[in-house]
Amino acid sequence: MRASANSASVVVNNRSMGCLKIGSGRGLEPWYQPGRQRRALPRAAACRYNPHGNANMNTSSGNEQRDVRLSKLERIRAAGINPWPERFVRTHTLAEARALPAGTAGVRVCGRLMTMRVMGKMSFATLQDQSGRCQISVQCEAVGEPFYKEVWKKLIDLGDFLGIEGEMVVTKTGEPTVAAKSVQFLGKALRPLPEKWHGVQDQETCHRQRYLDLTMNRETMERFLLRSRVVSSTRNFLDRHAFVEVETPVLQTKASGAAAKPFFSHHNSLDMQVTLRIAPETWLKRLIAGGFDRVYEFARCFRNEGMDPSHLQDFTMLEWYASYWNYEDNMRFTQALLQHVIQESLGTLLLTLRGRAVDFSGEWPRVSFRELILKDCGIDIAECKDADALRAAVRAKGIALPEEEIRALGFGNLVDQLYKKVSRPALTGPVFLVAHPIELSPLARRNDVAGELTDRFQLVVAGWEIVNAYSELVDPLDQRQRLEEQARLKTGGDDEAMEMDEEYLLCMEHGMPPISGFGMGIDRLVCLLSNQDNLRDVVLFPLLKPQA
RNA sequence: GAGGCCGUAGCUCAGUCGGUAGAGCAACGGAUUUUUAAUCCGUUGGUCGCGGGUUCGAUCCCCGCCGGCCUUACCA
């Protein structure tokens, strides 16, 4: 193991989500431990600089609860208390504190105040941080009557961030509790939290104000922590297998590597149109040509296409390329990687996904396109010479494909429609789908023996295609022909067709080794593994139109 | 792009077959030293998404717009 679990302190993934790795009972890592306490400034100095000003403090905001909190803020400042101090030295996360033996003194915890039960001179409250929740108790006697009556009871609200120093106790109902000796503001909230029992239910609010969703709905936090684990576990596995993580351009002069409509933008000082990438593929293969053995990238890609629950405008695609591998090497590696990632991030290989039991352990079966379709509907696609023959066979079997839509389809797309209709929904998997017809796979390497097939595999799980991989096309003459055909389509008005890419061809003409490449939508994998129906629920801040 | 559904207090939701709206939580005042959705007493809070129309009167009916969700077509 490259980074052993018990030495990892802070994991920052590529989604900029700082993630504190919580070890069970291991205590906080050095990064966290109380260092030299910065000496407190004299009160007057601490409060002299007031960047938040009083601009709104005397004017009604039109929101009753906010106004009440603004007036509390004034009283907090008047009392010489800094409502937003710069730092708090904590000794334990809340989950760690809960595990401490009763009697442990000098426990310093912090978090957001989620519930508060004031019973006269004794109060219980709940703090929440990333690790979970822990009860605290505040007694009049322990914190002093002026503080208890004037600050704790009058100025502290649900939603505020607080820091507590105290001793671990266990209440008579058995609840681990930090009994506070002192309580301090760490961040005053001017707006109330959503309802404490139901939280935020409205999906739009969850997307627009994800911080509220994360605060109120633990399963949302767990889902994004899962995403982070999936990414870091994948990265670790690839690193351990001699893959090199690279970054390739997002802004480029032509979109290449996939058939999709790009986003366009404008570069001012060069005065030229640029596009956002639709795939990292051609760049990564250039790196293989340049001598990298194995490369990968978690590539944010952008496609200017329709929105629905299974498509995002910007999404994260993991692609990797390995020199000297064919697609079968890649298939074995894919299985090993996903088994590792699923075991490490979910703790088991036996999952229930979309209502079906899915077993990721053992060897995953492989099935060819032809066998699968033959089994599911009795049509042997190898015996159909062309699209018309296949169309006739479909009609003869009475399979309900939309007549209007399939009339113009070529053989490849027709096979694909048939597969999506008769086979894919029933595939629970994990199963590798192999031997795709060449018409269906314009980018993959033609099989050396069966020229009508390609060296390609897809991984299907619970009816979802989550991986697409090939033996890569490295023949520059073949590639040129295929790109010329795409360029013809483009000129003919197909705005999803690929553009001619001379620079890429130039690279290929300089020579490439055998390569197998792999592509997987990270959002879709996480969506599947977390049993979500909408990709927007596995993206922290999905794109939404501005509210009216 | 097409079709359907939805938008009421800070949050979760009722409601009005057309007569300018209710509850719980939150907030505010009070009681309360072992609660954990604390409890008890009292109080405040709304341009019913926005704009038109019909009507004596619209949160409700009609039209348009804004935003969201679902289905559907194209891309992973």
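The sequence lines fix the lettering, A, B, ..., with proteins before strands; numbering per chain opens at 1.
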inquiry  = Ignoring hydrogens and geometry beyond distance, is the side chain of A:Asn304 in donor-acceptor contact with the base of B:C74 at under 3.5 Å?
reply    = no
key: Under 3.5 Å donor-acceptor pair, A:Glu175 side-chain atoms to B:U35 base atoms   = no
B:A26 base / A:Gln65 side chain donor-acceptor hit below 3.5 Å = yes
request  = With P as the reference atom in both, quote the distance from B:G10 to B:C28 in angstrom, rounded to an integer.
outcome  = 16 Å
Presence of donor-acceptor pair under 3.5 Å, side chain of A:Asp308 and base of B:C69 = no
request  = Indicate whether A:His198 forms a stack on B:C13; treat it as stacked only if centroid distance is below 5.5 angstrom and interplanar angle below 30 degrees.
outcome  = no
query = For B:A26, does OP1 or OP2 lie under 4.0 Å from any side-chain N or O of A:Lys196?
reply = yes
message = Taking 4.0 Å as the cut-off, does a side-chain nitrogen or oxygen of A:Lys72 come that near to OP1 or OP2 on B:A27?
response = no
note = Residue pairs meeting salt bridge (Lys or Arg N to Asp or Glu O under 4.0 Å), one or both in residues 159-175 of chain A, sequence neighbours left out, come to A:Arg98-A:Glu175, A:Arg108-A:Glu165, A:Asp160-A:Lys188, A:Glu167-A:Lys181
task = For B:C65 and B:G29, measure between their C1' atoms and round to the nearest Å.
result = 44 Å
key: A:Asn63 side-chain N/O to B:A27 phosphate OP1/OP2 under 4.0 Å   = no
Between CH2 on residue A:Trp320 and CG on residue A:Leu284, distance to nearest 0.5 Å = 12.5 Å
request  = Starting from C1' on B:A27, measure out to CG on A:Asp157 and report it in whole angstrom.
outcome  = 8 Å
task = Quickly work out the A:Glu141 CD to B:U32 C1' distance and round it to whole Å.
result = 16 Å
query = For A:Lys254, does the NZ atom have more than 12 heavy-atom neighbours from other residues, nucleotides or ligands under 6.0 Å away?
reply = yes
request  = Check whether any side-chain nitrogen or oxygen of A:Arg117 sits under 4.0 Å from OP1 or OP2 of B:A38, and answer yes or no.
outcome  = yes
inquiry  = Less than 4.0 angstrom between a side-chain N/O of A:Lys154 and OP1 or OP2 of B:G30, yes or no?
reply    = yes
Polar side chain donor-acceptor pair, A:Arg277 to A:Thr248, under 3.5 angstrom = yes
ask   = Base, sugar-phosphate, or nothing for A:Thr115, non-hydrogen atoms under 4.0 angstrom?
value = sugar-phosphate
request  = Considering only atom P, compute the distance from B:G19 to B:A58 and round it to an integer number of Å.
outcome  = 11 Å
request  = Provide the distance between the two P atoms, one in B:C41 and one in B:A26, to the nearest whole Å.
outcome  = 14 Å
query = When the P atoms of B:G53 and B:G15 are considered, how many whole Å apart are they?
reply = 30 Å
query = Expressed as a whole number of Å, how far does the P atom of B:U71 sit from that of B:U54?
reply = 39 Å
request  = Can you tell me, in whole Å, how much space there is between the C1' of B:U8 and that of B:U59?
outcome  = 7 Å
message = Among A:Tyr296, A:Phe457, A:Phe518, A:Phe243, which residue satisfies the ring-ring contact (aromatic ring centres under 6.0 Å, His included) criterion with A:Phe333?
response = A:Phe243
ask   = For atom P, what is the distance between B:A9 and B:G49, given to the nearest Å?
value = 8 Å
query = Of all the nucleotides listed (B:C74, B:A37, B:C28), which has the minimum atom distance to the side chain of A:Trp197?
reply = B:A37
